[in-house]
Amino acid sequence: MLITCADSLPMNPTKTTYTPADVEAKWYQRWQEQGFFKARPNPKKTPYTVVIPPPNVTGVLHMGHMLNNTIQDVLVRRARMLGQEACWVPGTDHASIATEAKVVALLKEQGIEKKDLTREAFLEHAFAWKDKYGGIILEQLKQLGASCDWDRTRFTMEPKLTEAVLRVFVDLYRKGLIYRGVRMVNWDPLGGTAISDEEMIPKDVMAKMYYLNYEVVGQPGRFLTVATSRPETIMADVAVAVNPTDERFRGLAGQRVRIPLLGREIPVIQDEYVLTDFGTGALKVTPAHDLNDYNLGLKHNLPIIDILNDDGTLNEKAELYVGQDRFAARRNIVKDLEAAGLLVKVEEYASIVQTSERTKAVIEPKLSMQWFMKMEHLAKPALEVVENDTIRLYPAKFKNTYRVWMENVRDWCISRQLWWGQQIPAYYLPDGSFVVALTASEALELAREQSGNNELKISDLRQEEDVLDTWFSSWLWPISVFDGFADPDNADINYFYPTSDLVTGPDILFFWVARMIMAGLEFRQEVPFRNVYFTGIVRDTQGRKMSKQLGNSPDPLDLIAQFGADAVRTGMLFSAPAGNDLLYDEKLVEQGRNFANKLWNAFRLVKGWEADAALPFAHDKPVAWFGARLAAAVAEIDDHFAKFRISDALLAVYKLVWDDFCALYLEMVKPAYQQPIDAETLRHTTAYFEALLKLLHPFMPFITEELWHELGPRGPRDYVTVAPWPKPGAPADGAALLAGMDKALAVVAGVRAVRNQKNLGPNKPLALVAKSDEPALLAAYEGILRKLGGLEDLTFADAGPAGAVSFVLGGSEFFIPLEGHIDVAAERARLEKELAYAQGFRDSVQKKLGNEKFAQNAKPDVLAREQQKLADAETKITALEQALKGV
RNA sequence: GGGAGAUUAGCUCAGCUGGUUCAGAGCAUCUGCCUUACAAGCAGAGGGUCACUGGUUCGAACCCAGUAUCUCCCA
């Protein structure tokens with residue numbers, strides 16, 4: 001009788017290599033047709049929710065996305081198989097500064113300058129561009145196999161999410177948590193906006209240090225030399241500071257000095273902040289243009305003179321070089337200082353300047369009027385939920401980082417001087433005061449109330465030009481994707497929130513993760529997620545970050561085309577422990593491809609078997625053993641998942657498939673060429689194969705789905721994607737089965753080692769004589785010993801035959817008669833070495849057991865183990881001594 | 001300058017409560033095999049003073065102190 005595994009074979013099972021390109025698109029389409037990725041509130045199931053860290057709407061897939069989304073997909077697919085209602089919400093981020101910079105650059109190519117456009121016209125261009133190129137990245141994720149519920153795709157700037165942002169802004173403003181204030185910000189003069197710290201790129205440069213002479217007032221000819229890298233800012237100086245302990249400036253404190261060229265008098269102040277060994281030890285204080293100086297100015301109550309315009313040119317307060325760009329002014333003032341004899345010297349030194357990630361402009365620390373959010377009130381509960389493990393961070397070391405940041409949290413500058421983003425819903429009255437409201441008409445009402453002027457019209461109000469920081473929409477993401485602001489009691493949010501796991505990079509722990517926690521607690525009184533898994537940064541084999549400039553970043557789509565999505569996914573995961581950077585190496589992807597190929601060939605083998613119903617069940621031992629092995633592996637894999645050890649889980653499946661199933665189990669049950677197999681064994685083998693496909697599916701969704709359908713006839717909705725995850729239930733005698741097989745396999749390994757040592761080749765039939773202390777056990781595994789060891793004969797005896805190679809396992813001796821291959825001296829030497837080793841081991845255990853304090857202090861189970869070790873060592877020594885006598 | 005973390009095989013990393021294992025995995029390396037599923041493969045082997053110096057302990061990769069080097073975060 002013939003048991004067929006599948007009705008049709010779209011793939012050619014005679015081909016020895018698996019070709020992923022033939023099947024991947026097909027299965028992704030089928031999954032979508034079947035609606036497997038769609039999630040709906042279902043009270044009978046436990047929800048499992050993941051919100052994607054939304055990539056930039058105009059971005060394209062890079063290696064970091066590959067890693068991050070592979071991990072999410074593994075978690076989501078496994079949850080789905082565990083019978084949970086798995087909901088993975090995809091979407092994109094409007095990424096205000098990045099996208100605006102791209103649109104500005106694009107318009108420039110078309111000869112259009114942003115400044116010549118109205119806000120409305122610019123946004124029209126931006127939306128047109130977003131509609132054309134936006135969301136490409138989501139299509140790319142499908143090629144990776146990402147099982148997102150695409151019907152739920154959101155965009156942080158779509159109307160509903162924008163409404164959520166505005167509601168939150170108004171709410172927090174009314175709670176008194178949002179205010180306007182003047183602060184030192186990172187100003188991008190080219191982009192004309194404040195940017196956040198993470199949007200700056202530090203650049204190593206060789207800068208010049210200029211030594212300038214400030215004349216001491218009332219002491220003509222006496223100068224105080226000050227070192228500065230920014231001579232063009234001396235017009236904004238308000239003091240010169242020295243360290244109070246610095247002997248060189250004794251007596252100068254309280255004196256006044258004259259700013260070079262300008263002649264304005266400023267005081268000399270003392271502060272410990274000043275480093276005595278940097279520059280000349282005298283520091284010019286320019287509060288408007290340096291953050292440290294600003295703080296120094298606050299401390300000493302100094303005035304602030306801001307000499308720069310928003311575009312980086314000098315304003316009239318500078319008095320000199322007005323209208324010139326800061327760098328032109330620098331060149332000119334150096335010339336003039338030199339001419340005036342006030343420039344002592346110029347030194348080169350290595351320095352770091354901050355530049356804008358988008359416009360590349362050198363960042364200017366600048367005082368400006370911005371919108372801020374108070375963080376203290378929000379940070380406190382957000383810290384607590386991480387401290388008390390309501391939210392767990394993986395790896396846990398990030399708890400420390402999180403704590404330090406949350407305890408020193410500073411107010412959040414939420415305004416950006418851009419157009420692409422959510423415009424701040426504040427409306428200025430003609431008198432300069434303002435109101436905050438969701439809509440213009442509400443604003444008008446408030447404005448009339450506030451001003452007492454009922455004649456005010458909407459056209460009298462001027463809406464704030466600034467937009468909100470992108471993170472001000474992404475911090476609401478886990479709530480807003482379920483419309484939790486507009487409709488706080490809807491079925492989706494009640495069911496899917498809080499989400500389960502968040503997978504993201506540690507670089508946005510503060511900007512995103514911490515703020516989502518705050519938002520969750522503030523607006524829903526509930527954490528946004530239970531676990532946060534931090535991935536590492538993908539680097540090249542030399543440890544460098546992937547970057548376009550270095551050209552060290554492969555195109556993920558090329559990789560998928562070349563190796564298959566499954567191979568790329570496993571390649572990323574093979575070496576990606578949580579929080580550790582991943583050194584990407586194409587070899588890992590090759591390893592993934594090889595693994596897919598291994599699986600494919602195992603399938604080809606099993607597929608080729610024909611069952612003969614007349615044959616008796618011949619492989620009860622292998623079948624029982626692999627059942628136990630599988631159960632143990634499932635338990636181990638589940639444990640790895642519970643601890644978010646994703647790459648360990650993968651490695652465990654990898655070894656189960658490759659070593660246990662292919663190298664051992666299949667070799668044990670494999671019939672001789674073109675011989676039939678008994679039906680019972682084939683039935684078990686097929687069931688095991690299916691279990692392996694299930695365990696592998698989260699990691700390698702495509703090949704497992706393909707083989708699932710090849711392996712047996714399937715109903716219309718019978719897909720491994722929705723198959724139940726294997727249960728770990730181990731058979732009662734599992735431990736004994738595993739231990740027994742280990743002993744048998746040790747004998748096989750011994751025989752194979754002899755084969756290799758004696759250069760016998762895999763085919764030469766050998767005879768094995770066993771002087772075993774467990775003959776019954778070995779007899780039970782005789783079939784396996786013969787097959788895997790290539791034995792033509794297995795006999796039990798009390799003594800070894802002459803002219804045999806021997807090896808010792810535990811208390812048993814094994815002999816392989818090999819006339820003509822025996823080198824007596826070498827045999828003796830080998831056994832003696834082994835004996836000496838065993839004796840040394842015994843002695844050390846004996847010594848430990850003989851130590852009174854050990855006997856007193858060690859736990860009973862430790863003591864018992866040591867005694868067992870001693871007994872085992874004694875047995876082995878006896879057997880070795882016997883073997884030596886026989887040589 | 002302040003803080004956090006790391007250092008285990010050639011590489012990337014595990015190693016849980018100090019004792020199952022006189023230190024484990026994957027990859028790489030070496031040797032031998034084109035053995036009727038797979039050379040993208042099979043069988044076997046070698047490879048470590050657990051950064052260094054002390055300390056605690058019957059016992060330390062693990063706990064403590066110091067040193068060195070590296071990484072990240074904050075300023």
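Here is the naming used below: chain letters follow the sequence lines, and residue numbers restart at 1 for every chain.
Distances shorter than 4.0 Å separate none of the side-chain N or O atoms of A/Asn759 from OP1 or OP2 on B/U31. The phosphate of B/G59 (OP1 or OP2) has no side-chain N or O of A/Lys847 nearer than 4.0 angstrom. OP1 or OP2 of B/A37 lies within a sub-4.0 Å distance of a side-chain N or O belonging to A/Lys670. Applying the 4.0 Å criterion to OP1 and OP2 of B/A75, one finds that A/Tyr294 has every side-chain N and O outside that range. Taking 4.0 angstrom as the limit, A/Lys869 places a side-chain polar atom (N or O) nearer than this to OP1 or OP2 of B/U21. For B/G15, the OP1/OP2 oxygens have a side-chain nitrogen or oxygen of A/Arg645 closer than 4.0 Å. The phosphate of B/A75 (OP1 or OP2) has a side-chain N or O of A/Arg410 nearer than 4.0 angstrom. Residue A/Trp658 places at least one side-chain N or O under 4.0 Å from the OP1 or OP2 atom of B/C42. For A/Asn594 and B/G41, the shortest distance from a side-chain N or O to OP1 or OP2 is below 4.0 Å.
Between the P atom of B/G5 and the CH2 atom of A/Trp405 lies a distance of 20 Å, rounded to the nearest Å. Atom CG in A/Asp659 sits roughly 19 Å away from atom P in B/C38 (whole-Å rounding). Between A/Lys655 atom NZ and B/A25 atom P the separation is 7 Å, expressed in whole Å. A/Phe595 places its CZ atom 13 Å from the P atom of B/G26, with the value rounded to the nearest Å. The CG-C1' distance, from A/Leu760 to B/U35, rounds to 14 Å in whole Å. B/C16 atom C1' lies 12 Å from atom NE2 of A/His640, rounded to whole Å. Protein atom CG of A/Leu666 is 12 Å distant from nucleotide atom P of B/A43, rounded to whole Å. In this entry the distance linking CG of A/Leu509 with C1' of B/C72 reads 12 Å, nearest Å.
The aromatic rings of A/Trp405 and A/Phe510 lie parallel to each other, their planes meeting at an angle below 30°, with 60° marking the opposite boundary.
A 3.5 Å limit on both hydrogen-bonding distances identifies no Watson-Crick or G-U partner for B/C50. Shown here, B/G18 forms no base pair; nothing in the strands shown gives a Watson-Crick or G-U wobble contact with both key distances under 3.5 Å. With a cut-off of 3.5 Å on both pairing distances, the Watson-Crick or G-U wobble partner of B/G10 is B/C27. Judged by Watson-Crick or G-U wobble contacts below 3.5 Å, the nucleotide B/C62 has no partner.
No side-chain heavy atom of A/Leu588 sits less than 4.5 Å from a side-chain heavy atom of A/Met572.
Mapping A/Gln591 and A/Ala663 onto RNA chain B by nearest heavy atom places A/Gln591 at the nucleotide closer to the 5' end. When each of A/Glu866 and A/Arg593 is assigned the nucleotide of RNA chain B bearing its nearest heavy atom, the one mapping closer to the 5' terminus is A/Glu866.
Rounded to whole Å, the separation between the C1' atoms of B/A43 and B/G48 comes to 25 Å. Between the C1' atoms of B/U29 and B/C11, the separation comes to 11 Å (whole Å).
Inspection of the A/Asp678 and A/Thr681 side chains reveals an N or O donor paired with an N or O acceptor under 3.5 Å. Under the 3.5 Å distance criterion, with hydrogens and angles disregarded, no donor-acceptor pair is assigned to the side chains of A/Ser844 and A/Lys848.
Under the 4.0 Å criterion applied to side-chain N and carboxylate O atoms, A/Glu792 and A/Arg786 are not assigned as salt-bridge partners.
In this structure, A/Glu376 places its CD atom where only 12 or fewer heavy-atom neighbours from other residues, nucleotides or ligands lie under 6.0 Å away.
The base of B/C27 does not come close enough to the side chain of A/Lys587 for any donor and acceptor atom to sit less than 3.5 Å apart. No donor-acceptor contact under 3.5 Å links the side chain of A/Gln757 to the base of B/A43.
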